[in-house]
Amino acid sequence: MAHIAFIGLGNMGGPMAANLVKAGHKVTAFDLVAASRDQAKADGAAIAETSVAAVKGADVVVTMLPAGKHVLSVWSEVVPVMAKGTLIIDCSTIDVESAKQAHALAARAGILSVDAPVSGGTGGAKGATLTFMCGGEDKAFAAARPVLENMGKKIVHCGGAGAGQAAKICNNMILGISMIAVGEAFALAEKLGLSHQALFDVSSTSSGQCWALTSYCPVPGPVPASPANNGYKPGFASNLMVKDLTLAQDAANAAGAATPLGKHAQEIYKAFDAAGHGGVDFSGIIQHVRSLAK
Ligand code: NAD
């Protein structure tokens, strides 16, 4: 069993660290927020006073933080005190450029590094059923896999430094766009007098089939477990979709890719967010679509 330092014990990081404890690892944890540290202690982790103190003597360091600037700040503090040949994994969703800079920081210090953003949300974090999309050298990925297996059920090596983040934002751009498309189709069906169930029965088995429709249907009824049946309680909040679509736009601009629908989707979710619905599940975007009708 490994000695693992875990930094960032929020909605995702807290339960992920708890799963590492459950798997039998020695976990030393740190977060800026006292309540999160207390919860990690109750879950069986040892608590450190600072990030630097948490990583001392650790074989593996995991970070789960809000954005690229937090990751770069924490990595620049902890990488210099890590032993050569040990491993650092970032599971946050951050911009590809910051992820590459973080890898470079680790490489200069002789530390193995992996970017490993997740999909599966807080339910996946609690249930250890996350999907990890990983970027980094083969040797680093091989070292990270057994650790990630304690927190998730699907671990994919997507390529070199930053490839995990690239996969994450490309996937979520598809999701953000397709949820608007499905919402528009239901909103049109309503105007045409077509029932939700009839559209679902046809499209879920026809060429309109997609995950946003069949697993996360934005109207109540056809998919009982979708947030539409629960007042659009997240799930995956709209403000997190804005974050991911903004990361996709930043990456597209930096790389010179044309993503017209990704850009439009970002604007639509931003407007929903600005109207005070950032905490609503992103499938609630159908309400915004309906509100645009003449
Ligand atoms: P969160 O805000 O609940 O947790 C982030 C934690 O990082 C907070 O507890 C905060 O105090 C801590 N933190 C910030 N700066 C720190 C520092 N310098 N040192 C130590 N701790 C620090 O966020 P979350 O929902 O847990 O998400 C974490 C990451 O996972 C984000 O990048 C998010 O985009 C991504 N993500 C979230 C979800 C989700 O459903 N919540 C799903 C997939 C991916």
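Along the sequence shown, residues carry numbers from 1. Start at 1 and go down the list; that is how both ligands and their atoms are numbered. Worth saying up front: this structure is predicted, and the values here are computed from it rather than measured. Side chains included, hydrogens not; waters and symmetry mates left out as well; all remaining heavy atoms used.
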Where do T246 and Q266 land on the side-chain hydrogen bond (donor to acceptor under 3.5 Å, both in side chains) test, with the steps shown first?
-> CA-CA 7 Å; T246 302; Q266 180 208 28; 3.2 Å; yes
What orientation do F236 and F282 show, parallel under 30°, tilted 30 to 60°, or perpendicular over 60°?
-> perpendicular
Have H3 and T28 got a donor and an acceptor in their side chains that come within less than 3.5 Å?
-> yes
Which protein heavy atom lies closest to atom 36 (N) of ligand 1, and at what distance to 0.1 Å?
-> T93 OG1, 4.0 Å
Between Y269 and H288, is any pair of side-chain heavy atoms under 4.5 Å apart?
-> no
Non-hydrogen side-chain atoms of L130 and K153 separated by less than 4.5 Å = no
Give the residue, atom name and distance (to 0.1 Å) of the protein heavy atom nearest atom 19 (N) of ligand 1.
-> L32 CG, 3.7 Å
Ligand 1 and K243, any nitrogen or oxygen pair closer than 3.5 angstrom?
-> yes
Mind checking side-chain hydrogen bond (donor to acceptor under 3.5 Å, both in side chains) for S113 and listing every partner two or more places apart, or none if nothing turns up?
-> H103
Worked verdict on T63 versus W75 for side-chain hydrogen bond (donor to acceptor under 3.5 Å, both in side chains) | CA-CA 9 Å; T63 53; W75 278 41; 3.1 Å; yes
Where ligand 1 meets F30 - atom numbers and elements under 4.0 angstrom, heavy-atom basis = 19 (N), 20 (C)
Within a distance under 4.0 Å of any heavy atom of S92, pick out the atoms of ligand 1 and give their elements.
-> 32 (O)
Option of least heavy-atom distance to atom 7 (O) of ligand 1 (set: G10, P66, P15) = P66
Side chains of T259 and Q249: is there a donor and an acceptor less than 3.5 Å apart?
-> yes
Run the contact test for S73 against ligand 1 with a 4.0 Å cut-off on heavy atoms, strictly below, and give the result.
-> no
Closest protein heavy atom to atom 30 (O) of ligand 1, given as residue, atom name and distance to 0.1 Å | M64 CE, 3.1 Å
Should D244 be counted as touching ligand 1, given the test is an N or O pair under 3.5 Å?
-> no
Atom 23 (O) of ligand 1: any protein heavy atom closer than 4.0 Å | no
With respect to atom 43 (C) of ligand 1, which of V118, L65, I94 exhibits the smallest heavy-atom separation?
-> V118
Top protein contact for atom 40 (O) of ligand 1, by heavy-atom distance | G121 CA, 3.6 Å
Any ring-ring contact (aromatic ring centres under 6.0 Å, His included) pairs touching residues 162-208, not counting sequence neighbours?
-> F186-H196
Check: of L9, L240, D31, T50, min heavy-atom distance to atom 10 (C) of ligand 1 comes from D31
For V33, the atoms of ligand 1 under 4.0 Å from one of its heavy atoms are 11 (O)
Nearest protein heavy atom under 4.0 Å from atom 2 (O) of ligand 1, yes or no = no
Is any side-chain heavy atom of M82 less than 4.5 Å from a side-chain heavy atom of V61?
-> yes
Checking R37 side chain against F30 main chain: does a donor-acceptor pair fall under 3.5 Å?
-> no
Nitrogen or oxygen of M12 less than 3.5 angstrom from that of ligand 1 | yes
For I7, is at least one N or O under 3.5 Å away from an N or O on ligand 1?
-> no
Any N/O pair N11/ligand 1 closer than 3.5 Å | yes
